[in-house]
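Below is one structure, written out as structure tokens, with a few remarks after it.
Here the structure is a predicted model, which means the values were calculated and not measured.
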Amino acid sequence: MDACGAGARSSTRVGVAVFDEGGRHVFANGEYAALYGYDEPAELLDEHWDACLPSSHDDCVTDGLTAVERSGRWFGTVREFDADGGEEREYELTFVRSTSGETVVIVREGDRLCSHEDRLAALNEATQDLFATERTNVIAKTAIDVAQSVFDQPFVTLWLETDDSDHLDPVAGSDASRVLSGYEDLEFTPVPPDTLEMETFESGERTVVEDYSSHPNRAFPDLPLSSALLVPVGEYGLLGTSVPHAGGLSEETVELLTLLARNVGVALDRASKHRELERRNERLDQFTGVVSHDLRGPLSIISGNVELARETGDTAYLDEVDQAVERMDRLISEVLTLAREGEAVGDPEPVSLVETATRAWRSLPTADATLVVDDDAVVIADPERLQTVFENLFRNSIDHGHEDVTVAVEPTTDGFAVSDDGPGIPEDERESVFDRGFTTSDDGTGFGLAIVETVAEGHGWTVSVAESEAGGVRFVFDGADVRHGPRRTVSEH
């Protein structure tokens with residue numbers, strides 16, 4: 001990317017390194033190595049800084065390391081001159097104490113000042129890149145690159161919200177931010193709840209902090225930072241950038257970073273909608289596949305037997321027509337259900353395990369089969385879709401088991417389970433049973449268990465297959481919020 005617009009490429013280079021307590025390199029990125037004439041960062045590891053940096057840096061580095069011992073951060077400048085006394089190069093060095101006790105060194109070299117027009121042009125170019133991809137990691141990396149190269153922000157991180165967590169997870173960040181949190185694991189830290197960062201995300205409004213290190217509610221109290229800017233990325237997350245040394249962010253930089261964060265939010269929204277559209281199209285393809293392929297068999301039976309009934313006058317041929325019509329109705333119903341269950345579940349609420357299982361059982365032709373529910377636990381779920389889960393599992397047991405099969409529903413420590421005393425599922429087929437279209441029955445549709453898995457995933461649960469104590473099949477749902485109630489046994493035939 002052209003760091004200062006299409007017509008004015010910046011010559012700025014930003015290197016990042018970490019010194020241990022003895023002044024030896026324990027981390028260096030590629031830009032840092034190149035600044036000082038090394039081909040690979042590995043050449044610097046375990047080497048003392050005074051053996052690697054030019055002598056013109058001696059005073060600045062010594063002062064910086066001394067100051068970091070006292071205050072945790074320092075900023076200085078080194079100017080090198082050519083033989084004629086003219087200014088040749090300028091380095092800006094920032095020293096910050098990391099959370100693991102080492103010293104992080106940020107080195108900038110070159111002309112890093114871009115005009116306002118150039119910054120806007122570069123931001124516009126970056127926005128086109130953001131909108132050109134549906135991959136979250138690419139969007140995140142592009143945002144970090146722009147913040148560093150266009151807006152000169154070496155300490156920048158992007159956190160995003162996840163469905164199953166109460167904190168924001170880091171997805172991308174600069175090398176400087178990474179090593180500031182501790183160079184050994186190079187891991188970014190999540191944003192916990194009830195912090196300044198989380199409050200900013202939840203409010204939807206940016207926050208500019210003039211003295212981050214003294215803010216009582218900051219998420220990262222161990223980081224020696226001065227000014228900080230926190231900008232919500234739509235409803236998806238938070239972009240944070242900070243200044244470790246004295247000084248702050250200019251008003252122009254704050255506004256442009258805010259615009260960048262908003263554009264990232266729009267890009268993530270576009271990507272999310274694109275993925276949902278792809279999922280919908282996939283379900284449509286499945287539906288059309290059933291219509292064009294699976295329905296042809298029953299239609300052929302109907303056509304052939306109607307013709308025979310007309311020719312012979314024997315209405316017995318119509319019995320197979322009835323069976324074919326029932327299969328067609330079931331195929332269409334299950335594919336439509338699968339498409340509907342692919343959407344987000346409704347608002348979860350406390351649902352009785354006994355009542356929902358009993359209602360599902362009574363909706364099916366169960367003949368001599370028996371349902372046993374041995375605990376009236378409460379599950380936090382969408383009631384209609386939980387009933388759909390039971391209906392499909394019960395039908396599976398009835399279709400594949402013996403005439404008087406017994407089906408049991410029971411709560412577990414982390415969810416609930418449905419098991420039977422039928423023939424079970426061979427171990428080599430258990431990973432395939434949830435595949436759409438997979439069936440071992442001549443009149444099966446192959447969609448029932450796919451619906452079960454889709455509903456489970458919509459609730460944030462996981463479903464697995466095992467063998468029951470009676471040798472049949474056992475479907476186990478983990479991750480559900482289950483609250484045990486008064487124990488009672490309900491049996492239905």
Side-chain angles (χ1 to χ4, degrees), residues 164 334 337-338 341-342 345 348 351-354 356-361 364 366 368-382 385-441 444-485 487-492:
D164 57 351
E334 291 198 357
T337 298
L338 186 61
E341 302 303 339
V345 299
V351 181
S352 165
L353 210 60
V354 165
T356 308
T358 302
R359 190 163 53 247
W361 186 261
L364 302 171
T366 56
D368 295 327
T370 301
L371 169 70
V372 177
V373 188
D374 197 30
D375 194 327
D376 193 14
V378 170
V379 182
I380 306 303
D382 180 323
R385 298 198 174 185
L386 180 59
Q387 181 172 334
T388 298
V389 166
F390 287 141
E391 288 172 350
N392 281 280
L393 292 179
F394 296 163
R395 186 183 291 113
N396 184 75
S397 294
I398 293 168
D399 289 348
H400 293 86
H402 44 78
E403 291 183 358
D404 57 349
V405 65
T406 296
V407 183
V409 178
E410 59 178 319
T412 64
T413 56
D414 191 35
F416 61 94
V418 178
S419 57
D420 66 34
D421 60 357
I425 298 175
E427 189 170 353
D428 60 352
E429 293 181 3
R430 292 175 187 170
E431 292 186 2
S432 304
V433 295
F434 297 111
D435 293 346
R436 299 174 184 189
F438 178 86
T439 181
T440 58
S441 173
T445 65
F447 290 102
L449 295 182
I451 292 171
V452 169
E453 184 181 50
T454 301
V455 175
E457 291 176 347
H459 282 85
W461 309 334
T462 59
V463 57
S464 58
V465 184
E467 183 177 341
S468 70
E469 292 183 0
V473 64
R474 178 179 170 87
F475 292 92
V476 181
F477 295 80
D478 290 323
D481 185 355
V482 176
R483 303 164 189 178
H484 293 264
R487 187 176 184 83
R488 62 177 173 138
T489 300
V490 175
S491 180
E492 288 276 331

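- Scanning both residues, V405 and I398, for their nearest heavy atoms gives CG1-CA, 4.3 Å.
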Could you walk me through whether T366 and W361 pass the side-chain contact (heavy atoms from CB on, under 4.5 Å) check? CA-CA 7 Å; T366 56; W361 186 261; 3.4 Å; yes
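- Here N396 contributes atom CG and D420 contributes atom CG; the two are 7.5 Å apart, rounded to the nearest 0.5 Å.
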Begin from the C-alpha positions of V452 and F475 and carry the test side-chain contact (heavy atoms from CB on, under 4.5 Å) through to its verdict. CA-CA 10 Å; V452 169; F475 292 92; 5.7 Å; no
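- Between the CG atom of L353 and the OG1 atom of T358 there is a distance of 9.0 Å, given to the nearest 0.5 Å.
- Of the N and O atoms on the side chains of D421 and S468, not one donor lies less than 3.5 Å from an acceptor on the other residue.
- Here the straight-line distance linking atom CD of E391 with atom CG of L386 works out to 10.0 Å at 0.5 Å rounding.
- Taking CG of D478 as the reference point, atom OG1 of T412 lies at 6.0 Å (rounded to 0.5 Å).
- Here the side chains of V418 and V407 are in contact, with some heavy-atom distance below 4.5 Å.
- A donor-acceptor pair under 3.5 Å links the side-chain atoms of N392 to the main chain of T388, judged by distance alone.
- Partners of D414 according to the salt bridge (charged side-chain N to carboxylate O under 4.0 Å, His left out) rule, which considers only residues two or more places apart in sequence or in another chain, do not exist here.
- To the nearest 0.5 Å, atom OG of residue S419 and atom CD of residue E467 are 11.0 Å apart.
- Using a 4.5 Å cut-off on side-chain heavy atoms (C-beta onward), D374 and E410 make no contact.
- Closest approach of D376 to S352, counting heavy atoms only: OD1-OG, 2.7 Å.
- When all heavy atoms of L364 and R395 are compared, the closest pair comes out as CD2-NH2, 3.4 Å.
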Residues I380, H459; criterion side-chain contact (heavy atoms from CB on, under 4.5 Å); working and verdict: CA-CA 9 Å; I380 306 303; H459 282 85; over 6 Å; no
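- Each ring pair (Phe, Tyr, Trp, His ring centres under 6.0 Å) pair with one or both residues in residues 404-424, not counting sequence neighbours, appears once here: F390-F416, F416-W461, F416-F477.
- Nearest heavy atoms, A480 versus G415: CB-CA, 3.9 Å.
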